[in-house]
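Computed from heavy atoms alone, side chains included, the values below leave out hydrogens, waters and symmetry copies. We're numbering straight along the sequence, starting at 1. Predicted, not measured: the structure shown is a model, and the values here were computed from it.
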Amino acid sequence: MQADDLRSRAAQQIRSNQLDAAKDTLESLIRRNPEDVPACLELADVLFKLGHMRASSAPLLQAVEHLPKNAPLLLHLIHHLIARGEVVAARNCLDFLAQAPDPPASLLVAQAHHRFTLGEIHAARALIERAIEQGADDPDDHHMHAMLLQFSGDIDEAIAVLDRCLERWPHYGDAMTVRVNLRKQTPEHNHLSHIEAQLRHLSERESSDSTKFVRAEFEYARFKVLDDLGRTEEAWPALARCNALMHELNPYDREDEQALIDAFIDTPEVVAASAPGKADFEGPVPIFIVGMPRSGTTLLDRMLSSHSQVSTAGELVEFWRQLHWVADERPATTQSMRRIIERCGEIDFREVGARYLQQTQWRAGESRFYIDKLPANMRMVAFIRRALPHAPILHMSRDPMDVCFSNYKALFGNVSSYSYDLEALAHSYRCYARLRDHWHAALPGAMMDVPYASLVGDPEATMREVLAHCGLDVESACLHPERNEAPVATPSSAQVREPIHTRGIGQWKRYAEPMQSLHDAIADLL
């Protein structure tokens, strides 16, 4: 049978959901022509759909050995490699793609998105700026440019880009939410009239999910302006309207969250053989920073990465991804994690650690340590201890009401569904506290608590303890995170470029009355 006939047969089998047969056909096609990159991609997809996460990497890596001079195909391959945790191979493909002569603006934008996904902020910024110079003019392109300027610390430039964007596309909520966060709004300079005009316009439109999301963005922006102006009685209703819309679009699954935390706590194998031990691996050492979102993880990252021997890698999903790869589980949020917990006794955690380091150590550059600052790795503490027993884990802790309020007013987008409803937020915080207490009881010493109040109230003493825990000498630069020039890709990137301050303590009290129900729900944890 000819190659075209095999390709046609495979396509028909995939359409008919005959995946095992399609797998055999595609493997036959690739045996005839190992350089058939489209067939490799199709086979990877089929294997993934069949539930073979590990096996789906092999045809992708085979394709990397025969890179085509076909930009759309390369972009497709890069996307698949990142999703499978093959980050080093994806970067090699991006380097190859960068050699394309006279790339069109659309190709530069696509490369910028991939570099940003990998946390390569400077490279992504250079690409998006080239793309805009060559005519890229979608509002999303300008929004991305502004975000990359913000993450690089060029706040004035980011503001200028966003202002021009809002002049041309006044209804563009993504730009407005970033704009109001970059500078404190003042009576003399604020966007309230623009925001209210857009909300009046949006109220007249059909109430689709996309319209609801944009309305939520502008309600959030109205809250931020009114909050900055001290008009708290008007600000809270705007935030409540924003979060009611977001909660409708992203309902919180209480039972699902409960089941996952129960599984971590009720499965003895999770903490088996998890005690810290001698380093099994060579090269730069990761430092994990975990905790609730908005607990001060970014500030600690900025202070610690100001040390001469520490780089920041930002918020990586690599440990979660490599755990799924080694367990051969297709990533599916809590469902796949519960299956991993059930099978954790048979998982090779040393392989998890080795793959994690293989795919991340390049991020350290010349440093001895690099920071993985993903708050959600709080759930991975026991598994990190087993996979990387030499890696320090720092747990940021913050006053429950302060951290909950900071989450409630954050607008994370269509993620973090727990943060848009006070009852959901209380439940999520209680789940976090249960798991935190469980890790301390079952794995004493596995993670070091770093209280936010201590970090900002007595930074010198607190950082001395943190550095000692990580095996680092004291350096005064760690007390001046505002001088840290490394990019920071988090919503708080503008705030953490300021000198250390205590303004974040007790902010919730300005809204004590509407937050009373949350206070009552977690009163025993305060």
Derivation of the side-chain contact (heavy atoms from CB on, under 4.5 Å) call for Val87 and Arg363: CA-CA 11 Å; Val87 172; Arg363 298 177 184 273; 4.2 Å; yes

Short side-chain donor-acceptor distance under 3.5 Å, Gln516 and Asp520: yes

Pair Ser406, Arg294: side-chain N/O donor-acceptor within cut-off below 3.5 Å: yes

Test item: side-chain donor near acceptor, Thr297 and Ser295, under 3.5 Å: no

Within 45° cone and under 6.0 Å: Arg84 NZ/CZ vs Trp325 ring: no

salt_bridge(Arg510, Glu233) N-O dist < 4.0 Å: no

Polar side-chain atom of Thr462 near backbone of Pro459 as donor-acceptor pair, under 3.5 Å: no

Stepwise side chain to side chain donor-acceptor pair (under 3.5 Å) test for Asn250 and Tyr418: CA-CA 9 Å; Asn250 305 279; Tyr418 70 89; over 6 Å; no

His324 and Trp320 aromatic ring geometry - parallel, tilted or perpendicular at 30°/60° bounds: tilted

Salt-bridge present (Arg343, Glu329; N to O < 4.0 Å): yes

Sequence neighbours excluded, every pair satisfying salt bridge (charged side-chain N to carboxylate O under 4.0 Å, His left out) that has a member inside residues 424-435: Asp262-Arg434, Arg430-Asp524

Salt-bridge present (Arg338, Asp256; N to O < 4.0 Å): yes

Separation between CD1 of Ile341 and OG1 of Thr334, rounded to the nearest 0.5 Å: 9.5 Å

Working for side-chain contact (heavy atoms from CB on, under 4.5 Å), residues Lys409 and Lys224: CA-CA 9 Å; Lys409 68 182 182 75; Lys224 176 59 168 60; over 6 Å; no

Matching residue for Ile340 among Asp328, Val270, Leu323 - test: side-chain contact (heavy atoms from CB on, under 4.5 Å): Leu323

For Val214, all residues meeting side chain to side chain contact (heavy atoms under 4.5 Å, CB included), sequence neighbours excluded: Leu202, Glu217, Phe218

All salt bridge (Lys or Arg N to Asp or Glu O under 4.0 Å) counterparts of Asp163, not counting sequence neighbours: Arg179

Geometric cation-pi criterion Arg379 and Phe264, 6.0 Å radius, 45° cone: no

Asp156 and Arg183 ion-paired at < 4.0 Å: yes

Exercise: identify the closest heavy-atom pair between Ser305 and Thr312: CB-CB, 3.9 Å

Polar side chain donor-acceptor pair, Asn407 to Tyr420, under 3.5 angstrom: no

Distance-only donor-acceptor check, side chains His395 and Asp449, under 3.5 Å: yes

Results of salt bridge (Lys or Arg N to Asp or Glu O under 4.0 Å) for Glu351 - residues two or more places apart only: Arg54

Partner set under salt bridge (Lys or Arg N to Asp or Glu O under 4.0 Å) for Glu157, not counting sequence neighbours: Arg125

Smallest separation among heavy atoms of Phe412 and Ser419, with atom names: CD1-OG, 3.5 Å

Least distance between heavy atoms, Ser308 atom then Glu475 atom: OG-OE2, 2.6 Å

Tyr220 and Asn181: CA distance, side-chain angles, deciding distance, side chain to side chain donor-acceptor pair (under 3.5 Å) verdict: CA-CA 10 Å; Tyr220 167 81; Asn181 272 315; 2.9 Å; yes

Check: Tyr452/Asp402 side-chain N/O donor and acceptor closer than 3.5 Å: no

Any donor-acceptor N or O pair under 3.5 Å, side chains Ser417, His247: no

Residue pair Tyr252 / His427, side-chain donor-acceptor N/O under 3.5 Å: yes

Heavy-atom closest contact (Trp236 atom, Leu422 atom, distance): CZ2-CD1, 4.3 Å

Ser367 and Ser311: side chain donor to acceptor below 3.5 Å: yes

Shortest non-hydrogen contact from Cys431 toward Gln258: SG-OE1, 4.1 Å

Test of ring centre spacing under 6.0 Å for Tyr429 and Tyr432: yes

Minimum heavy-atom distance between Phe116 and Phe151, given as atom pair plus value: CE1-CE1, 3.5 Å

Qualifying residue for side-chain contact (heavy atoms from CB on, under 4.5 Å) with Ile287, from Asp372, Asp301, Leu304: Leu304

Listed partners of Arg222 passing salt bridge (Lys or Arg N to Asp or Glu O under 4.0 Å), at least two apart: Glu196, Glu219

Charged N-O contact under 4.0 Å between Arg339 and Glu342: no

